[in-house]
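Computed from a predicted structure; not experimentally measured. Heavy-atom basis, side chains included; hydrogens, waters and symmetry copies ignored. Chain letters run A, B, ... following the sequence lines, proteins first, then strands; residues in each count from 1.
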There are 2 protein chains.
Amino acid sequence: MSTSRKSVADERSGYHHGNLREALLEHGLALLEEKGESQFSLRELARRVGVTANAVYRHFSSKDVLLMGLAAEGMRQFTASQASAWGVTRGNVAEKFLASGCAYVRFARNNPALFRLMFGRFIVEHRSEELEHESRQAFAGLTTAVAATLGVPEDSGDISGAVNAAWAVVHGFSHLILDGQIHGSDEELDATVASALGHWLVSN
Amino acid sequence: MSTSRKSVADERSGYHHGNLREALLEHGLALLEEKGESQFSLRELARRVGVTANAVYRHFSSKDVLLMGLAAEGMRQFTASQASAWGVTRGNVAEKFLASGCAYVRFARNNPALFRLMFGRFIVEHRSEELEHESRQAFAGLTTAVAATLGVPEDSGDISGAVNAAWAVVHGFSHLILDGQIHGSDEELDATVASALGHWLVSN
DNA sequence: TCTCGATGTTGACATTGTGTACATTCGCTC
DNA sequence: GAGCGAATGTACACAATGTCAACATCGAGA
């Protein structure tokens with residue numbers, strides 16, 4: 001995984017790229033983390049993929065739409081990582097729940113710019129079908145997790161307060177860590193998050 | 001306050017503006033909320049203030065430094081609002097604490113772009129003396145509040161975990177609300193935040 | 001094989017951040 | 001006051017960016 005093997009999206013066979021959209025998303029994610037959203041340049045991305053700037057417009061109607069595509073792609077990876085943390089963890093629901101919370105924060109740490117993009121102004125301003133869908137998926141997963149952890153039916157009326165609070169904890173930790181307000185190794189931060197979520201558990 | 005009375009920073013008496021720095025900060029905050037960070041343009045700000053783009057460079061050595069100035073200004077307003085919420089609230093420390101938490105979230109709601117700027121990549125990347133100072137002030141206030149609320153000395157070793165958790169809750173709610181993931185009126189959101197912080201209180 | 005739709009390219013334009021050189025004004029010393 | 005230096009604005013220029021319109025090239029189906 002550490003060898004920079006060329007991915008499928010990379011080969012080009014002449015005038016036509018063949019996989020431009022995938023290549024743009026793939027290199028786009030890399031460029032995003034490298035430069036940050038504010039320095040993310042459509043033209044530079046095109047250069048890296050080996051294509052003219054305007055070629056991008058065949059697949060994304062504007063830079064913002066491109067960024068939304070990246071956000072949606074990020075959402076997919078995010079929900080996958082959440083589901084994985086839940087499924088992989090051995091133990092009772094409470095342990096699975098804590099593991100999911102830690103995975104949430106770890107995702108943010110590993111993809112700072114992407115995380116900020118996913119949960120940034122984009123979700124507010126341009127709500128694309130695609131992103132909306134992915135976003136709903138993530139929230140549904142969270143609700144399921146909380147319901148299972150608390151041993152309450154999912155459609156229980158007042159569960160949303162508990163969901164929001166738990167979400168706020170992991171989301172807040174994620175942002176504070178990204179912003180450099182809280183420091184520590186992966187393990188230390190896992191412990192911090194787990195401790196806070198533990199307190200949340202016993203009081204609900 | 002609702003009449004658009006010209007502020008001190010606005011009058012210009014000829015070639016020299018007289019108050020360019022203040023005017024830039026003042027209109028800068030407005031422009032920031034209006035356009036969002038990504039669409040914030042140094043040239044447009046200069047235009048609004050009635051000055052050439054390069055005049056800005058006499059007071060801020062780059063656009064980023066300008067934005068840092070705005071963030072620092074925001075931090076000042078933020079710490080003031082926090083202190084005010086704490087001081088104004090009648091009742092015991094717990095009530096003051098809850099009020100501060102709600103004020104935190106309200107500040108975010110009232111200044112979305114500024115909030116994101118203040119607690120965004122800037123604090124990580126360019127740590128200016130000024131911003132660092134304001135940031136420390138805010139954190140110190142929070143620690144004091146938590147210590148007073150829990151009835152523990154401020155230098156108590158393991159208080160930092162509690163501080164971080166409380167911070168994460170209000171910070172997380174703030175971001176979730178800004179990102180449109182949680183909706184509601186000011187009052188509803190106050191109730192949500194207070195409820196979550198209440199749970200935090202009883203488990204600490 | 002011809003054609004048409006999909007995909008890339010060229011050239012152009014307005015806007016942006018910023019560097020360099022010049023103009024204007026304020027405040028201090030004589 | 002007169003004059004000078006520092007502070008503050010302006011004029012001009014440049015490269016980079018997002019985006020538009022017109023053109024080129026390819027691949028698949030008639």
Extract all donor-acceptor atom pairs below 3.5 Å that involve side chains of residues 65-76 of chain A and protein atoms in other chains or at least two apart in sequence.
unit_1: A/Glu73; atom_1: OE1; unit_2: A/Arg76; atom_2: NE; d: 3.4
unit_1: A/Glu73; atom_1: OE1; unit_2: A/Arg76; atom_2: NH2; d: 3.2
unit_1: A/Arg76; atom_1: NH1; unit_2: A/Glu134; atom_2: OE2; d: 3.3
unit_1: A/Arg76; atom_1: NH2; unit_2: A/Glu130; atom_2: OE2; d: 3.3

Q) For C/dT16, does either OP1 or OP2 sit under 4.0 Å from a side-chain N or O belonging to B/Arg47? A) yes
Residues at least two apart in sequence or cross-chain that pass side-chain hydrogen bond (donor to acceptor under 3.5 Å, both in side chains) with B/Trp167, listed by chain then number, are B/Tyr104
Here the distance between atom P of D/dT19 and atom NE2 of A/His59, to the nearest Å, is 16 Å
Residues B/Ala168 and A/Val169: closest non-hydrogen pair is CB-O, 3.8 Å
Taking the six-membered ring for Trp, are A/His171 and A/Phe119 closer than 6.0 Å centroid to centroid? yes
Overall bend of the helix from C/dT1-D/dA30 to C/dC30-D/dG1 (five pairs an end, 10° steps) is 10°
Please write out the pairs of protein N or O atoms and N or O atoms of nucleotides 12-14 of chain D separated by less than 3.5 Å, giving the distance to one decimal.
unit_1: D/dC12; atom_1: N4; unit_2: B/Asn54; atom_2: ND2; d: 3.1

Closest of D/dG18, C/dG8, C/dG17 to the A/Leu20 side chain is C/dG8
Here the pair of heavy atoms bringing A/Leu32 nearest to A/Leu117 is CD2-CD2, 3.8 Å
Across all chains, not counting sequence neighbours, the side-chain hydrogen bond (donor to acceptor under 3.5 Å, both in side chains) partners of A/Asn111 are none
A/Glu95 meets the side-chain hydrogen bond (donor to acceptor under 3.5 Å, both in side chains) criterion, sequence neighbours left out, with none
